[in-house]
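As structure tokens, the structure follows; a few thoughts come after it.
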Amino acid sequence: MSARFEPRPPAGPRVVVGVSGSLGSRTALARAAAEARRRRAELWPVLVWEPPGGELSARRTTAAAVLAEDWERLARERLRTALSDVFGSPDPGLPGRTLLARGAPGPALVRIADRDDDVLVVGAGGRGRLRRALWPSVSRYCLARSRCPVLAVPPSPLQPALAAVRRRNAWGLPLDTGLLQRELDTVPRRRAGRGHAREDRPA
């Protein structure tokens, strides 16, 4: 796993996917793997990280230089965990490269996916007005500024149910497993060989 982005001429078309560790980015990662297989392209999972408080805050303190290695290590672990959750291993089983990049997510992803034949895959994220106002949308940034096609993957249908479970758990309230099962039953079943990145892997 590369510790930082170092430009190099890719061997062929690439599917570059932004990975943050969230459930939405895992969904995007699985979709990106399916796209890479379909296009016979390299898969480039990228986790972009920033110091807590952003780069401007980090430049104001000498401690940031000391802690940068720890922050990068945590980012690397988060990327490995996301890959393991989706593929069962940190190795996606596809040609390509995993990257860490330091900076703002939108600009970094657009800079990495810099070829006309690239495809950039990002999670669409939350759609509430408050969330859009407080957190800039990486997907909107990429759609507006990328030179290559961008695939914005909507959140998993189970994401609202899982968020509700986390809230109830944080508040110490009992879980309604029946409600969770009903939510699960509403999710369309995917046929073998489509959707999840592991379904079309040969035995």
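Across every non-hydrogen atom of Arg102 and Pro51, the tightest pair is NH2-CG, 3.3 Å. Contact record, Ala124 with Pro154: CB-CA, 3.9 Å, taken as the closest heavy-atom pair. What you find for Leu43 and Pro45 is that their closest heavy atoms are O-CD, 3.4 Å. A pairwise comparison of heavy atoms in Val121 and Ala28 identifies CG1-O, 3.6 Å as the closest pair.
Rounding to the nearest 0.5 Å gives a distance of 10.0 Å between CH2 of Trp49 and CZ of Arg78. Rounded to the nearest 0.5 Å, atoms CG (Leu47) and CD (Glu72) are 10.5 Å apart. Separating the CG atom in Leu151 from the OG atom in Ser139 is a distance of 11.0 Å, to the nearest 0.5 Å. Distance check: Leu99 CG to Leu109 CG gives 10.0 Å after rounding to the nearest 0.5 Å. In this structure, CG in Leu74 is found 12.0 Å from CD in Glu69, a value given to the nearest 0.5 Å.
Proximity of a side-chain donor or acceptor of Ser146 to a complementary backbone N or O of Leu143 within less than 3.5 Å is not detected. Remark: the backbone N or O of Val19 is not paired with any side-chain donor or acceptor of Ser25 at under 3.5 angstrom.
At a threshold of 4.5 Å between side-chain heavy atoms, the hydrophobic network of Ile, Leu, Val, Met, Phe, Trp and Tyr places Val46 and Val110 in two separate groups. Under the 4.5 Å side-chain heavy-atom criterion for ILVMFWY residues, a single connected hydrophobic cluster contains both Val153 and Val17.
Evaluation of the side-chain contact (heavy atoms from CB on, under 4.5 Å) rule for Arg39 yields Val15, Glu35, Ala41, Val119 as partners, not counting sequence neighbours. Arg73 is linked by a salt bridge (Lys or Arg N to Asp or Glu O under 4.0 Å) to Asp70, Glu77, counting only residues two or more places apart in sequence or in another chain. With sequence neighbours left out, the side-chain contact (heavy atoms from CB on, under 4.5 Å) criterion links Pro107 to Ala104, Tyr141. With sequence neighbours excluded, the residues satisfying side-chain contact (heavy atoms from CB on, under 4.5 Å) with Ala113 are Val16, Asp118, Leu120, Cys148.
For the residue pair Trp44/Glu42, the side-chain donor-acceptor check at 3.5 Å is satisfied.
Side-chain contact check for Val150 versus Arg140: every heavy-atom pair is 4.5 Å or farther apart. Pro105 is listed as a side-chain neighbour of Glu50, based on a closest heavy-atom distance under 4.5 Å. Looking at heavy atoms from C-beta onward, Leu29 lies in side-chain contact with Leu83 at the 4.5 angstrom threshold.
A salt bridge is defined here as a Lys NZ or Arg NE, NH1 or NH2 lying under 4.0 Å from an Asp or Glu carboxylate O, and Arg147 with Asp116 meets this definition. Salt bridge annotation for Arg80-Asp85: absent, with no cationic side-chain nitrogen under 4.0 angstrom from a carboxylate oxygen.
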Derivation and outcome, side chain to side chain contact (heavy atoms under 4.5 Å, CB included), residues Leu100 and Leu79: CA-CA 8 Å; Leu100 295 181; Leu79 178 54; 4.0 Å; yes
